[in-house]
Amino acid sequence: MQPIKSKEILPAKPERHRRFGSTDPIPGSKPTDKEQMTDLQNHREDYLFPIDHVGICRVQHPILVCSALEPRTQTSIATITLTTSLPRESKGINIPAWSPAVRQHNTGMR
């Protein structure tokens, strides 16, 4: 990822708010059905700078450790750090979706 050049000028505050999802209140109510909601996470736009690391750390998760020796399997607790980088065109990542992915891949370590 390219570092931000010091000569780059950030847009005015209203434009930054527009790009990052801040909106003025509107009369009425927001949609409650997922199909009617705008997908802001996957909206592509220039968000001014990339992000090197975003994520969660010190996640504790039960794991199954497999061995060729007795006992063949043991349970333990893993402490995991889950991170990703984001290009400047990406608004964010759905971090809560990572936990089910970790559970799904708990097939044992050798």
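Interatomic distance, OG1 of Thr79 versus NE2 of His61, reported as 11.5 Å (0.5 Å rounding). In this structure, OG1 on Thr83 lies 5.0 Å from NE2 on His53, to the nearest 0.5 angstrom. To the nearest 0.5 Å, atoms SG (Cys57) and CD1 (Ile80) are separated by 12.0 Å.
Taking a 6.0 Å sphere around CZ of Arg72, one finds it holds more than 12 heavy atoms contributed by other residues, nucleotides or ligands.
A donor-acceptor contact shorter than 3.5 Å links the side chain of Arg88 to the backbone of Leu48.
Between Ser90 and Ile51 the shortest side-chain heavy-atom distance does not fall below 4.5 Å. The shortest side-chain heavy-atom distance between Cys66 and Thr73 falls under the 4.5 Å cut-off.
Between Lys13 and Glu15 no salt bridge is recorded (no basic side-chain N to carboxylate O distance below 4.0 Å).
Across all their heavy atoms, Asp52 and Ser85 have their closest contact at O-CB, 3.1 Å.
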